Amino acid sequence: AQLPKPTPTQAPAAAAVAPTYDGAVGALLQARCSMCHGANGQKGLDVTTYASLVKGGSGAPAIAAGDVAGSLLIQVQTAPQPHFSQLTPDELKLVSDWITAGAPEK
């Protein structure tokens, strides 16, 4: 008797890991934005720590976890008038994906 050929099982797709502040976003913002938005930064915004970024600046919170369109950081970066330190499309996508994922710290 011949055994039936085994049906190959699909390898599980690698789950996309949401970006985190500690994992990628913080380093990006510190490299691209902290010259103006560090301790005592312009408009009160300090991107150098997760807590200070979440707190936001003098105008409003910089990010709204889960709400890309409602996040001031995204609004400034996508405004018709380019920001002094404009994120690249890939960097903007990383930050947007992070906000969509709830803006996790770790």
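This structure is a prediction, so every number in the text was calculated from the model and none was measured.
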_Which heavy atom of A65 sits nearest to which heavy atom of A103, and what is that distance?_
CB-CB, 4.1 Å
*Set of residues satisfying side chain to side chain donor-acceptor pair (under 3.5 Å) with respect to D22, sequence neighbours excluded*: none
*asked:* Running the 4.5 Å side-chain criterion over Ile, Leu, Val, Met, Phe, Trp and Tyr, what cluster does I63 land in, apart from itself?
replied: Y21, V25, L28, L29, L45, V47, Y50, L53, V54, V68, L73, I74, L87, L92, L94, V95, W98, I99
*With Q42, which residues qualify under side-chain contact (heavy atoms from CB on, under 4.5 Å), at least two apart?*
C36, H37
*asked:* Suppose the criterion is salt bridge (charged side-chain N to carboxylate O under 4.0 Å, His left out): which pairs have a residue in residues 49-67, not counting sequence neighbours?
replied: none
_Pairs flagged by side chain to side chain donor-acceptor pair (under 3.5 Å) wherever residues 68-78 is involved - sequence neighbours left out_ = Q77-Q86
*For residues 24-51, pull every pair meeting salt bridge (charged side-chain N to carboxylate O under 4.0 Å, His left out), keeping only residues two or more places apart or in separate chains.*
R32-E91
*Under the salt bridge (charged side-chain N to carboxylate O under 4.0 Å, His left out) rule, what pairs show up with a residue in residues 77-89, not counting sequence neighbours?*
none
*Only counting residues at least two apart or in another chain, list the ones meeting side chain to side chain donor-acceptor pair (under 3.5 Å) with S52.*
T49
*Not counting sequence neighbours, list each pair that qualifies as a ring-ring contact (aromatic ring centres under 6.0 Å, His included) and has a residue in residues 53-97.*
none
